[in-house]
Trainee: 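Quick one: the structure is below, questions incoming.
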Amino acid sequence: MLKKIPFKRIRWPGWVVLIIIGFSFVYGMAQLVDAIRFDPESEGASPVSIDFKTESTDTDTYTMSIKTPVMEDPQIKKPLKDWIKKEKEDFLKRVKENKKELGEGYRAHLIIQADSRKSTHDTYSIMFHSYQLVNDVRGKEHVKTFTLDVSEEKFVKLPDIMTTNDELIQMIRTRLQGQPNAELQEILKDPASWNWTLNGKALTLYFNDINEAGPTRVELPIHALLPYLDDKTADDLEVAEASTGMGEKYVALTFDDGPDPYVTPRILNVLKEHDVKATFFMLGSQAEKYPAVAKSVAEAGHEIGNHTDHHKDLTKIGREQMVQEVLASRQKITAATEEIPVMLRPPYGAINRDVETVANDNGTSLVLWSVDSLDWKNKNAAAIHSVVQKEIAPGAIILLHDVHSTTADALPGLLTLLEKEGYEFLTVSQLQAKLAVETASPFYGSMKKG
Ligand code: NI
């Protein structure tokens, strides 16, 4: 028999209840609006400034690092939370299944990253990227996107902004011809379930579990899609373009081949002094050798990219080894930095169709450069300055290497020089987001009017 616990019930008068409900509603809205701030400084590229928090768990057998957006509205929060919960449960189940192999220096990892991207005037996407590494070399990856309409405070599915899905499905079918399987057929039937992000340049889709190596990324140029987008979305994309500060001088600094125990910390110091964020394309083998240095790069807030495991020319080693070079490196970089590199810079900039396919199959985008500082050849501060100064232009991606001490010597002068010319520094993905919106304009305009 259950013993009845004496319980004194507090009876609130009706008006108090109403005020509380009313208040929590207003408070909830205020929190949502507060959490989703449009940053006028960077309108068009990443204007949505959402606060994120990271929770970490550390046990003998596993680590978890989970980044989530701070959101108060329970209705908006729930699907995000549910998805994270599912990823966590799946991971913990696999940890349990592999209990014997874990512990004593070998731990499983779950890393969930999140960021926000603006789509149209009123919408933006939260993109999650989860990576679990239990007993496999490759890890298991998923991408999940949630697109939100800020003005109406509701989720937007892809079919909501399309006038028809048929052409879109056909385009994707054509793109994914190489991998027809049962799961893909199922996914293609249901565009409402697709993971997507949109900007003035392209619609990017991510399909999980159709390729065992990771999420498959499909980028469709916006001009091909324009006829099938609803009017409001098409117009809002244009609004987003018109409101960007055209011609602003942004560049991205990139550092390859590290991390290096001597040069990388010096570079980090200089970047910190100038309050500049850069992108580091790391070698997996180096990240494995110097995990603390790799970690310090990520902790300083720089962007982490993949430069393969052993710096081989990918076009010369065959598909299978190519995949290995990319994936092993990604695993090592992720283990060291707790960041999942989503950009790949192939060594020597050597690219062919296979390299493109391998990158896309693994959810990464290829990034080259537009200004080669020749720091690897000249090894001289003055020479580096003059090469960069001659070739620099807004939107440039500058190639440098954090393995030569002469590059670290050249960096303070280089930053001062570029700052004087009015340049601002962004990470590669920030720069790409800016350019996506800005360069799409002419093309977009002629499509609409022509
Ligand atoms: Ni390199």
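As the structure lists them, so they are numbered: ligands from 1, and atoms in each ligand from 1. Since this is a predicted model, take the numbers as computed values, not measurements.
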Trainee: Could you walk me through whether H142 and Y206 pass ring pair (Phe, Tyr, Trp, His ring centres under 6.0 Å), step by step?
Mentor: CA-CA 9 Å; H142 287 135; Y206 298 87; over 10 Å; no
Trainee: Is the centre of the W194 ring less than 6.0 Å from the centre of the F207 ring?
Mentor: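 They qualify: ring centres under 6.0 Å apart.
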Trainee: Can you tell whether the side chains of K53 and D51 come within less than 4.0 Å, N to carboxylate O?
Mentor: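 Salt bridge absent between K53 and D51.
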Trainee: Where do V251 and L426 land on the side chain to side chain contact (heavy atoms under 4.5 Å, CB included) test, with the steps shown first?
Mentor: CA-CA 6 Å; V251 288; L426 299 174; over 6 Å; no
Trainee: Near the Ni ion (ligand 1), which protein N/O/S atoms fall under 2.8 Å?
Mentor: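 Less than 2.8 Å away from the Ni ion (ligand 1) sit D257 OD1, H307 NE2, H311 NE2.
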Trainee: If you measure from the Lys or Arg side-chain nitrogens to the Asp or Glu carboxylate oxygens, is any gap between E219 and R217 under 4.0 Å?
Mentor: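 Between R217 and E219 there is a salt bridge, with a charged N closer than 4.0 Å to a carboxylate O.
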Trainee: I'd like to know if D58 pairs up with R107 as an ion pair, taking the criterion as any Lys NZ or Arg NE/NH1/NH2 lying under 4.0 Å from an Asp or Glu carboxylate oxygen.
Mentor: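 Looking at D58 and R107, the cut-off is met.
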